[in-house]
Amino acid sequence: MKTCGAMRRTKTIGTARRGREMNSPFSTRSSIAEGMRQALRREFACPEEHLCSVTASESGEPGFGDMASSSAMGLAKVLRVPPGRIASVMADGLSGLPFVGGVTVDGPGFVNITLSNGYLSSVATRLAREGLAGMLCECGPRGKAMVEFVSSNPTGPLTVGHCRQAVLGDAISRLLSAVGWTVSREYYFNDAGRQMDRLAESLAARCDQLRGGSMPVPEGGYQGDYILDWARDLLVNEPGISWPDDRERFREAATGRAFDLIKSDLELLDICFDRYFAESELIPGPVEEAIERLDRAGLTYPDPDGSGKLWLKLTELGRPEDRVVRRAGGGYTYRMPDIAYHLDKFSRGYDLLVDVFGSDHIDTCRDVEAAVTALLGVERVKRTMRTVIHQFVTLSRGGETVKMSTRSGEFVTLRDLVSEVGSPDVTRFLFLTRRAEAHMDFDLAVARKDSDENPVFYIQYAFARIGGILRIAGDRFRDTDPAQAADLLREPRERALLRLLEALPVRVSEAAEDMAPHRITDTASELATAFHGFYTQHKVMDEGNPPLTRARMLLCLACREGLKGLLEVLGISAPERM
RNA sequence: GCGCCCGUAGCUCAGUUGGAUAGAGCAACGGACUUCUAAUCCGUAGGUCACAGGUUCGAAUCCUGUCGGGCGUACCA
């Protein structure tokens with residue numbers, strides 16, 4: 001059964017509202033698929049289970065039309081009919097559709113579809129008028145989604161590693177809201193564990209040292225210079241503070257300062273959260289409740305050594321090892337509150353829960369998923385929970401690797417990174433050009449040196465060029481008749497641009513479905529390339545030829561909205577002039 | 001040792017979920033400003049898709065093995 005991918009996508013497209021048939025890329029795709037399926041049903045009595053994989057997608061080569069389907073080859077064996085014949089039946093199913101300009105059957109059994117110019121122009125008109133956001137309205141509304149990301153413990157400034165996650169999580173959030181989800185961003189932090197004790201003690205040690213004492217930074221504590229700053233400030237306000245009597249005060253002060261840092265770091269990238277969720281909110285109530293539920297499900301057992309430790313039977317859930325969830329002293333290991341936190345998220349009625357984690361959390365996150373699945377059921381968890389795990393960033397400066405460790409205090413902070421790269425736009429973009437699962441090398445020297453010939457500027461420049469044209473044209477050529485544009489925009493560059501513009505909403509929707517923002521950076525670059533190519537070859541403003549000018553203005557306006565929409569999804573600015 | 005991720009042009013990476021001749025950007029080389037912005041465009045060159053098998057009409061993509069890199073493998077988070 002090879003249904004899943006196609007089914008999922010078809011469902012997405014199927015949510016398109018009716019009544020916009022003539023200029024909706026979503027309806028167009030579902031009509032094309034349905035046309036081909038109908039023909040197959042009629043001609044071959046083709047079983048439904050095979051029909052759902054019959055689709056058409058953007059074709060790679062311009063020579064093979066705008067869209068192509070390779071489904072005939074797959075059906076050949078099932079139907080015991082040569083693929084060429086199946087393809088021509090599928091092609092017949094498309095005749096008469098208004099947005100289809102031509103259909104051919106090529107090669108062993110490809111159906112190649114050319115979209116009509118009239119249709120492409122009407123989509124461009126709609127894009128110019130409603131913007132990309134307007135086109136994407138058809139996807140929603142989709143319900144409530146929550147994206148959890150960063151979730152770094154408040155022990156110091158954010159580093160380069162967090163930067164990738166921050167940018168990724170924010171872009172995924174933007175993508176989801178672009179296609180109709182109501183998104184909230186949540187930051188979860190562990191303030192109840194031992195790390196925070198170590199941080200408090202590290203701060204106390206620095207205070208003591210400033211007063212001439214000799215209290216050492218604890219084993220496994222935090223050495224970073226920023227803690228010295230905190231210590232200085234703390235002593236100004238509370239000169240008499242002492243360790244361990246004022247343990248809680250040190251803790252509060254450290255947490256507060258750490259969050260100030262983190263929030264201001266995130267602000268640099270224009271990222272903010274709807275909620276910061278503290279682990280301590282779950283202790284003890286919800287965590288004990290979660291343990292009880294696991295207990296009732298027969299998934300816990302006390303350590304046979306009688307020490308009072310509580311184990312979770314993860315091996316019964318298909319995981320490699322059982323884990324301790326409550327220590328002998330009564331404290332919890334980090335997995336347990338994490339499970340309780342996820343149960344809490346589920347209980348808040350979200351339709352989609354996205355976790356963005358670094359690859360160092362893979363093990364924990366699979367354990368949490370297993371536990372939650374055991375309590376809530378496979379169906380529900382599969383339906384609502386999605387995990388994006390990204391690989392690490394290795395940072396280098398001119399080819400030399402920079403080693404990083406938060407505790408030792410050797411790292412490049414997000415703040416340093418953004419200021420060294422010189423622009424939040426460039427930082428965002430560079431982090432988003434790679435897919436999450438791929439390792440990533442980030443060479444600071446290159447990022448800075450190239451900032452003149454950066455892909456970001458390339459895209460922004462396309463937008464600014466359109467701005468230039470619009471400033472000169474004013475409102476003179478704004479009212480374009482789509483039918484006339486369809487007749488006039490026939491140069492290869494114009495056609496290529498129209499075709500790409502038509503595909504934008506679908507690409508965004510698919511990127512959202514797969515939570516893959518890197519496809520948006522790709523598409524934005526592609527659109528900029530298509531526009532620069534058009535711009536260089538054809539003059540838009542021609543006072544002697546108002547109809548052609550109007551038609552090309554339409555192209556510019558649609559392209560402008562396309563670029564603006566894509567940059568918005570990426571969280572990157574779209575400057576009117578450069 | 002075991003688990004997860006990755007290996008594609010000199011470098012950094014895409015590759016429409018198994019389709020047609022594997023693509024961009026940098027870097028290299030050669031061209032284009034009397035034009036709505038040259039932060040641009042056009043052209044050339046660059047590949048045993050880590051390696052070896054397998055699955056089938058068809059594999060960079062799926063399965064197995066090998067090699068190489070990253071991350072895990074805590075009663076840290």
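Excluded from the calculations below are hydrogen atoms, water molecules and symmetry mates; all remaining heavy atoms, backbone and side chain alike, are included. Order of the sequence lines fixes the chain letters, A, B, ..., with proteins taken first and strands second; residue numbering starts at 1 for each chain.
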Please test A/Phe189 against A/Phe259 for ring-ring contact (aromatic ring centres under 6.0 Å, His included), starting from the C-alpha separation and ending with a verdict. CA-CA 10 Å; A/Phe189 63 101; A/Phe259 262 120; 4.6 Å; yes
Can the ring centres of [X] and [Y] be said to be less than 6.0 Å apart?
X: A/Phe457; Y: A/Phe429; answer: no
X: A/Phe531; Y: A/Phe463; answer: no
X: A/Phe64; Y: A/Phe110; answer: no

Tell me whether A/Phe110 is stacked on the nucleobase of B/G19, counting only the six-membered base ring and applying the 5.5 Å and 30° thresholds.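 Per 5.5 Å and 30° rule: no stacking.
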Within the stacking criterion (centroid distance below 5.5 Å, interplanar angle below 30°), does A/Phe392 stack on B/G70?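 Check failed, A/Phe392 does not stack on base of B/G70.
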For A/Pro83 against A/Met73, the heavy-atom pair lying closest together: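 Of all heavy-atom pairs spanning A/Pro83 and A/Met73, the closest is CB-CA, 4.0 Å.
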Just say parallel, tilted or perpendicular for the rings of A/His342 and A/Phe357, cut-offs at 30° and 60°.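 Correct class here is tilted.
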What class does the angle between the rings of A/Phe534 and A/His538 fall in, given that below 30° is parallel, 30 to 60° is tilted and above 60° is perpendicular?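 The arrangement is tilted - the two ring planes meet at 30° to 60°.
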Closer than 3.5 angstrom, by distance alone: can the side chain of A/Thr387 be matched with the main-chain N or O of A/Asp355 as a donor-acceptor pair?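 Not at all, since once roles are kept as given, no pair shorter than 3.5 Å links the two residues.
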Does any N or O in the side chain of A/His532 come within less than 3.5 Å of the main-chain N or O of A/Tyr458, such that one atom is a donor and the other an acceptor?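 Yes, A/His532 side chain to A/Tyr458 backbone: donor-acceptor pair under 3.5 Å.
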Taking atom C1' in both B/G31 and B/A52, compute the distance separating them and give it to the nearest angstrom.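 After rounding to an integer number of Å, I get 46 Å for this pair.
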What's A/Ala462 touching, base or sugar-phosphate or nothing? Going by heavy atoms closer than 4.0 Å.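 Touches nothing.
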Pick base, sugar-phosphate or nothing for A/Ser359, based on heavy-atom distances below 4.0 Å to the nucleic acid.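 Touches sugar-phosphate only.
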When the distance from CZ of A/Arg194 to P of B/C76 is rounded to whole Å, what number comes out?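 Taking atom P of B/C76 as the reference, CZ of A/Arg194 is at 4 Å.
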Nearest-angstrom distance from the residue atom CG of A/Asp106 to P of B/A20: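 Answer to the nearest Å: 13 Å.
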Quick one, A/Lys313 with A/Thr300, criterion side-chain contact (heavy atoms from CB on, under 4.5 Å). Give me CA distance, side-chain angles, the key distance, then yes/no. CA-CA 6 Å; A/Lys313 281 188 205 164; A/Thr300 63; over 6 Å; no
What does the B/S/- profile of nucleotides 2-10 of chain B look like, 5' to 3', with a 4.0 Å heavy-atom cutoff to protein? --SBS----
Could you tell me whether the phosphate oxygens of B/G72, OP1 or OP2, come under 4.0 Å of any side-chain nitrogen or oxygen in A/Arg323?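 Looking at the OP1 and OP2 atoms of B/G72, neither is under 4.0 Å from any side-chain N or O of A/Arg323.
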Watson-Crick and G-U pairing of RNA chain B, under 3.5 Å, as dot-bracket with | and [ ]: (((((((..((((.....[...)))).(((((.......))))).....(((((..]....))))))))))))....
What's touching nucleotides 41-44 of chain B from the protein side, N or O pairs under 3.5 Å?
residue : atom : partner  : partner atom : Å
B/C41   : OP1  : A/Tyr458 : OH           : 2.4
B/C41   : O4'  : A/Thr536 : OG1          : 3.4
B/C42   : OP1  : A/Arg493 : NH1          : 3.1
B/C42   : OP1  : A/Arg493 : NH2          : 3.4

Candidates B/U16, B/C36, B/C13 - which lies nearest the side chain of A/Ser57: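 Closest nucleotide among those given: B/U16.
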First of A/Ala436 and A/Met578 reached from the 5' end of RNA chain B, by closest nucleotide: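 Result: A/Ala436.
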By nearest heavy atom, map A/Met73 and A/Phe442 onto RNA chain B; which one lands nearer the 5' end?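 The residue mapped nearer the 5' terminus is A/Phe442.
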